[in-house]
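Please read the structure below before turning to the comments.
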There are 2 protein chains.
Amino acid sequence: MGENTGIVLTEAVYYILLSLTKPLHGYGIMQKIEEMTDGRLIVSAGTLYGAINTLLDRGWIVQHATAEDSRRKEYVITDEGRTVVAKELERLRELVANGEAIL
Amino acid sequence: MGENTGIVLTEAVYYILLSLTKPLHGYGIMQKIEEMTDGRLIVSAGTLYGAINTLLDRGWIVQHATAEDSRRKEYVITDEGRTVVAKELERLRELVANGEAIL
DNA sequence: CGTCGTTATATCGGCTTCCGATACAAAAGT
DNA sequence: ACTTTTGTATCGGAAGCCGATATAACGACG
């Protein structure tokens, strides 16, 4: 009977998905996250490339047609990915609301 | 140079700490969390008792002087625990703000 | 032209955490 | 008497994070 319906995103995955509303390559994602969080979160390479693979497997991001530039591989979020982030945002709002109600 | 200063709480730990602003025993924590989240989060026994032990080790909760009632063991949050939850709430607010800015 | 820092992707191993399953047992309800 | 609820606890598998490590192309500077 353990329901626990929704998916819970980790901080890294959440920010990676947010970064990919515009096409971006791996290294660019790292920089964007650092910028978005004013340097508070620096996603390590191990986390990033591992997460990219699982996100591709789940269809939450896809490889973006890169300008045959070689080295860089660009990715973008999918519609499914957008739905997942939106739901995660809802969950986060609930966490904040519950925290504010008590503290 | 990977800083990543702050502590990140898992959903389970966050809610356990919120539950313990008033003394409560393990089973009561499970029920309170279920109630707080309208049944969306049901913390399993494995998660709960594992988390209680690590929280005790870290000094974020302490065992509360139970009325020698036997079976039940009550716990409460410590000042350190309160500080941790407060910081987590800040982090969650940042996640929400960043999500809202993009979606 | 050589060297150094940055950009860039990728894998591995260790650690922590979550959670379902399982076990045990007292209390309460029917 | 029996069943459900209350209550605590452990185990093992799976997932995720991250530091370390490896590899290599690119640009800048002397």
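Letters A, B, ... mirror the listed sequences (proteins, then strands); counts begin at 1. Below, each value reflects all heavy atoms present in this structure, side chains not excepted, and no hydrogens, waters or symmetry copies.
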For atom OH of A/Y27 and atom C1' of D/dA24, their distance in whole Å: 14 Å

From the options D/dC18, D/dT6, C/dA21, select the nucleotide whose nearest atom is closest to the side chain of B/R72. D/dT6

Nucleotide D/dA15, atom C1' - distance to CD1 of A/I7 in whole Å: 14 Å

Regarding the side chain of A/T54, the nearest nucleotide among D/dG16, D/dC18, C/dT9 is D/dG16

Report the nucleotide, chosen from D/dA20, D/dT10, D/dT8, that has the shortest atom-to-atom distance to any side-chain atom of A/A45. D/dA20

If I take atom CD in residue A/E11 and atom P in nucleotide D/dC18, what distance separates them, rounded to the nearest angstrom? 8 Å

Write down the distance between NZ (A/K73) and C1' (C/dT9), rounded to a whole number of angstrom. 7 Å

In this structure, how many angstroms lie between the P atom of C/dT17 and the CG atom of B/L48, rounded? 15 Å

Hey, what do you get for CD1 (A/I77) to OG (A/S19), rounding to the nearest 0.5 Å? 9.5 Å

Of the candidates C/dA21, C/dG20, D/dG16, the side chain of A/R58 sits closest to D/dG16

Judged by modelled atom types alone, do B/N98 and A/Y14 share a side-chain donor-acceptor pair under 3.5 Å? no

Ion pair A/R91/A/E94, N-O distance below 4.0 Å: no

Heavy atoms under 4.0 Å, any strand shown: does B/G26 hit a base, just sugar-phosphate, or nothing? sugar-phosphate

Using a 6.0 Å cut-off, check whether atom CG of B/D79 has over 12 heavy atoms from anything other than its own residue. no

Report the nucleotide, chosen from C/dC19, C/dT9, D/dC18, that has the shortest atom-to-atom distance to any side-chain atom of A/Y49. C/dT9

Below 4.0 angstrom from OP1 or OP2 of D/dG16, is there any side-chain N or O of A/T10? no

Looking across every strand, which nucleic acid part, if any, lies under 4.0 Å from B/A51 by heavy atom: base, sugar-phosphate, or nothing? nothing

Distance, rounded to the nearest Å, where B/L55 contributes CG and C/dT16 contributes P: 15 Å

Listed nucleotide nearest any side-chain atom of A/Y75, set C/dC19, C/dA10, D/dG19: C/dA10

Whole-Å gap separating C1' (D/dT8) and CD (B/Q31): 14 Å

For A/H25 and D/dC26, give me the distance from atom NE2 to atom C1', rounded to whole Å. 13 Å

Pairwise distance CG(B/L17) to CZ(B/R82) - rounded to 0.5 angstrom: 10.5 Å

Taking only side-chain nitrogens and oxygens of A/T47, does any of them come within less than 4.0 Å of OP1 or OP2 of D/dC18? yes

